[in-house]
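Following: one structure in structure tokens, then a few remarks.
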Amino acid sequence: MGKPGLPAGKPGLPSPITRFVGRAGELQRVAASLRGSRLVTLYGPGGVGKTRLATEFASRADAGTADLVCLVELVGLGSGDDLPDTVARALGLPGTPLLEQPRPRRSRFDQLTAFLSARRVLLVLDNCEHLITEVSRFAAELLAACPRLLLLATSREPLMITGEALCRVGPLRLPASEAEAGHSTAVELFCDRAALVRPGFALTPANTAQVVEICRKLDGLPLAIELAAARLRSMSVQQITDRLDDRFRLLTVGNSTSASRHRTLRATMDWSWELLTEPERALARRLSAAGNGVTEDAAAAVGAGAGLTVDDVPYVLSSLVDKSLLHLWEVEGGEMRYRMPETTRAYCAERLAEAGERESAEAACTRHFLALAERAAERLRGADQPRWIARLDADHGNVLLALRRAVDGEDVDTAVRLGLAMSWYWVMRGHYTEATIRCAELLRFGARVPQGAAALFTVLRLLLPAPAGHDRDDEGRDRGIAEAARRARDGDAMSEHPLLALLEPKCWLLLGEHEEMERSARRACAHPDPWARASGRAALGFAAETAGDVGAGERHLRAALESFRELGDQWSTGQLTCMLSRFTSLRGDAEGALALLHEARGAIEAVGSADAVAQIRIRLGIEQLRSGEHDAAEVSFRHALRGPRRTMPECEVLVAAGLAELATRRKQPSIAAERLDRALRLLDEAVFDKEFLRVEVLRRTAALELSRGPEGVAAARDAATEALRLAVPLNDMWVLATVAEVLATVTYHEDLPVRAARLLGTATALRGLADQGSPEVRALSAELTARLGEAGFHRSRAEGEHLSPEAAVRELEAAV
């Protein structure tokens, strides 16, 4: 083989003037395939670089592969032309008078086979697709007659000969993110060709986003990328990017010496289109109305019609895959899906409009994906949850396309039905931006949206994080949540939309309306839908826990967990298992708490969002800290932030705070301080629970200051006082209890052991249960026992334990 990247050159082969980019894996695959088969076909869509790959491989073929290499270009041949003569002429075999005698083809074929049988030849048959039947027959005969011959064919579809080894040539590698642009062969090709027309062009931080967008929107197709790069003679990168939606007009500046079918992107697509049968054209153009790949069922729903029956669709799909207009891939669960590259889709969409079928095809898409979304919505709350999560993951783009079309066409009924069907999926999968944007769009229809649906969309829009760049008006948000909760209650929307059984109580909780929250939860408990009833029981548990009634809270949550388990709802099971681990931890059963958290993580990983998994990993890290497993805690915290995209800033705050606590325990005060500073900076980006998150940071700050010795006590007192100031309005007894424990520790270091013991008891009164799993609380209890004696400690602590929650809060306020 020759040197990678250098232009190919060998007698009988073209010598390219541009550098060969990428395809190292494909070159190796061709070589390996030719060792196992004498016929290898490079197949793929037009413009993907099959010819260049074949000639590059042929030019690098060494003496161990073949004595002679020859390229035969078939694009100029038509049906009925003499293939043996064309190949013989390419090999330089002279014509003879014998050719004028009867049976000239067989005579020329015999001359050809005699020549090829006497030596080892690598014959490249380029562009076979328009003569697929003739080339297949000819190749089979030639290989049978010439045992030393190697054939390398390029085509938009396989030759379908027994023994044929297929090498699919796909697009160049696209970058997963802008940070990986430098490792993308698609980006490399664009930059290489761009530098030819604009010397000095290179990938820079200023143009990376545009170059990546160009390569992505052009599907990594080499021809399209080269044509786009050629436009840099007269356009900027940004101008090219802005015109990609008009790609067939944009990409018309090809090499005038190229074959006509490769001079423009449209010419390449035209060539492929002309090779299709009428049923293939009908299905291809109709499938352009779908967005993000389709199943066979969806293809039948959208594609069947004039000239194409439902029973025909599977076979025509297979043919379009063979002809490289569709890509086939398998998703989780073994389901096969068909995807049309964006460039192909844009071309077929033009053909769809020309055929006058656009409106009917889009309507068929909307009907199919509305039915799919509504069927999925029912199954997302039961045992089929993982399968339907995977199905909606795969079809999310199609459903969103249907929703956008319904909104743009002011088909309010369809749009609302799609929004209702997708709401729970958006929450489970963490598609918060999508949910808030779509809910806002639907609410713009005003009174045309039914009251119950409007209540649900309003609650989702206000409860979920705002899209990036949208500031949240907290006061306006609270008013909106209150109004939506009242509308949901007064209109009994919960009876229509089970999701409100979970969300309405949460609204009242956020507003501090605990009585309304309990009433809402009890309404949910009487709902005819078992999932709504389980959600109501869980809401009762949240309410009791927040009010400091640990016993009732745990009882309700366990009952809700059993109901969700019976329903097979993994997401809700994982969430509640995680919550119940806290009660186990409070009782000092670290092993049991960790087992519950591992169980919760397993359930959520199968169906939940990256943020939901991150939250459980954070909880796991906190529990590992409490049990003294410091190295494991660090792994859990750091893994919480791993993933293809950034996690919620709220999760990042908790990770920074957890790592700060870890550094404090390891006696690394400078590292702890740095991590707390980071947590405070990240707080500015948080949308929800800012006060709670700040309390969490302040608790760790107080612990860090106390670790410095007597000189840190005053700063610890300031941090604890501020934490209390923020915690009281939250009206969450569990949070107040953690602050009380910090205050107790600070007070002890101020040499006030009796008051410290009483504050420790106050924490128990607030939460309803003493924290036997906290190493800090255990250590403080041991020190107080040593100072006050066992009877004195228990007496002082009991004074705090016997307080009512209201009196306990007053006790805390008096302590600061």
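Computed from a prediction, not measured in an experiment: that's the story for all the values here. Numbers here are sequence positions counted from 1.
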query = Is the closest side-chain heavy-atom distance between Arg533 and Pro530 below 4.5 Å?
reply = yes
inquiry  = Please report the interatomic distance CG(Leu463) to SG(Cys507), rounded to the nearest 0.5 Å.
reply    = 4.5 Å
ask   = Looking just at side-chain N and O atoms, do Arg247 and Thr343 make a donor-acceptor pair shorter than 3.5 Å?
value = yes
Salt-bridge present (Arg404, Asp408; N to O < 4.0 Å) = no
query = Under the 3.5 angstrom rule, does the side chain of Thr344 hit a backbone N or O of Met340 as a donor-acceptor pair?
reply = no
task = Taking the side chain as every heavy atom from C-beta outward, state whether Glu296 and Met336 have any atom pair closer than 4.5 Å.
result = no
message = What I'd like to find out is whether the side chain of Glu685 reaches to under 4.5 Å of the side chain of Leu682, using heavy atoms alone.
response = yes
key: Asp611 side chain to Met648 backbone, donor-acceptor under 3.5 Å   = yes
remark   = d(Trp426 CH2, Tyr432 OH) to nearest 0.5 Å is 14.0 Å
message = Check whether Arg391 reaches the backbone of Pro386 with its side chain - one donor and one acceptor, N or O, closer than 3.5 Å.
response = no
ask   = What pair of heavy atoms forms the shortest contact from Ala298 to Phe369, and how long is it?
value = CB-CZ, 4.0 Å
ask   = Is it true that Arg337 and Asp395 make a salt bridge, defined as a side-chain N closer than 4.0 Å to a carboxylate O?
value = yes
Electrostatic pair Arg417:Glu374 at N-O distance under 4.0 angstrom = yes
query = So do Phe445 and Val407 actually touch side chain to side chain, heavy atoms under 4.5 Å?
reply = yes
message = So, using side chain to side chain contact (heavy atoms under 4.5 Å, CB included) as the criterion, who are the partners of Arg339 when residues are at least two apart?
response = Asp219, His327, Trp329, Pro341
inquiry  = Within this structure, what is the SG-CG distance for the pair Cys365 and Leu370, rounded to the nearest 0.5 Å?
reply    = 12.5 Å
ask   = Rounded to the nearest 0.5 Å, what separation is found between the CG atom of Leu576 and the CG atom of Leu561?
value = 5.5 Å
ask   = Counting only heavy atoms not in Glu354, do more than 12 fall under 6.0 Å of its CD?
value = yes
message = Going by the rule ring-ring contact (aromatic ring centres under 6.0 Å, His included), which residues pair with His431 if we only count those two or more places apart in sequence or in a different chain?
response = His396, Tyr425
request  = Check whether any side-chain N or O of Arg448 sits under 3.5 Å from a backbone N or O of Val412 as a donor-acceptor pair, and report yes or no.
outcome  = no
request  = Give a yes or no on whether the backbone of Gly291 and the side-chain of Asn398 come within a donor-acceptor separation of less than 3.5 Å.
outcome  = yes
Sidechain-backbone polar pair: Ser288 side chain, Arg285 backbone, donor-acceptor under 3.5 Å = yes
Ala603 versus Gly574, closest heavy-atom pair with distance = CB-CA, 4.0 Å
request  = Please tell me if the side chains of Trp531 and Phe564 come closer than 4.5 Å, counting only heavy atoms from C-beta onward.
outcome  = yes
query = So does Arg358 have more than 12 non-hydrogen atoms from other groups sitting under 6.0 Å from CZ?
reply = no
Partners passing side-chain hydrogen bond (donor to acceptor under 3.5 Å, both in side chains) against Gln570 (at least two apart in sequence or in another chain) = none
request  = For Val449 and Ala454, work out which heavy atoms get closest and say how close.
outcome  = CG1-N, 3.7 Å
key: Which atom of Pro279 lies closest to which atom of Leu308, heavy atoms considered   = CB-CD1, 4.1 Å
query = Are the side chain of Ser563 and the backbone of Ala559 linked by a donor-acceptor contact shorter than 3.5 Å?
reply = yes
ask   = Quick one: does Arg523's side chain have a donor or acceptor within less than 3.5 Å of a partner on Glu518's backbone?
value = no
request  = Say whether Ser520 and Glu504, considering side chains only, have a donor N or O and an acceptor N or O under 3.5 Å apart.
outcome  = yes
message = I'd like to know if the side chain of His556 pairs up with that of Arg537 as donor and acceptor (distance under 3.5 Å, no hydrogens or angles considered).
response = yes
task = Check whether any side-chain N or O of His527 sits under 3.5 Å from a backbone N or O of Asp529 as a donor-acceptor pair, and report yes or no.
result = yes
ask   = Under 3.5 Å, is there a donor-acceptor pair between the side chain of Asp569 and the main chain of Ser572?
value = yes
remark   = Checking Glu280, Glu362, Glu357, Glu359 against Arg286 for salt bridge (charged side-chain N to carboxylate O under 4.0 Å, His left out), the one that qualifies is Glu357
Glu652 side chain near Leu641 side chain, heavy-atom distance below 4.5 Å = yes
request  = For atom CZ of Arg345, decide whether the heavy atoms of other residues, nucleotides or ligands shown that lie under 6.0 angstrom number more than 12.
outcome  = yes
key: Residue pair Phe542 / Lys506, side-chain heavy-atom distance below 4.5 Å   = no
ask   = Taking side chain as C-beta onward, heavy atoms only, is Phe457 less than 4.5 Å from Val416?
value = yes
Nearest-0.5 Å distance, CD of residue Glu599 to CD1 of residue Ile616 = 10.5 Å
Chi angles and distances behind the ring-ring contact (aromatic ring centres under 6.0 Å, His included) call for Phe583, Trp734 = CA-CA 11 Å; Phe583 299 104; Trp734 196 295; 5.6 Å; yes
ask   = About how many Å separate CD of Glu178 and CD of Glu213, when rounded to the nearest 0.5 Å?
value = 9.5 Å
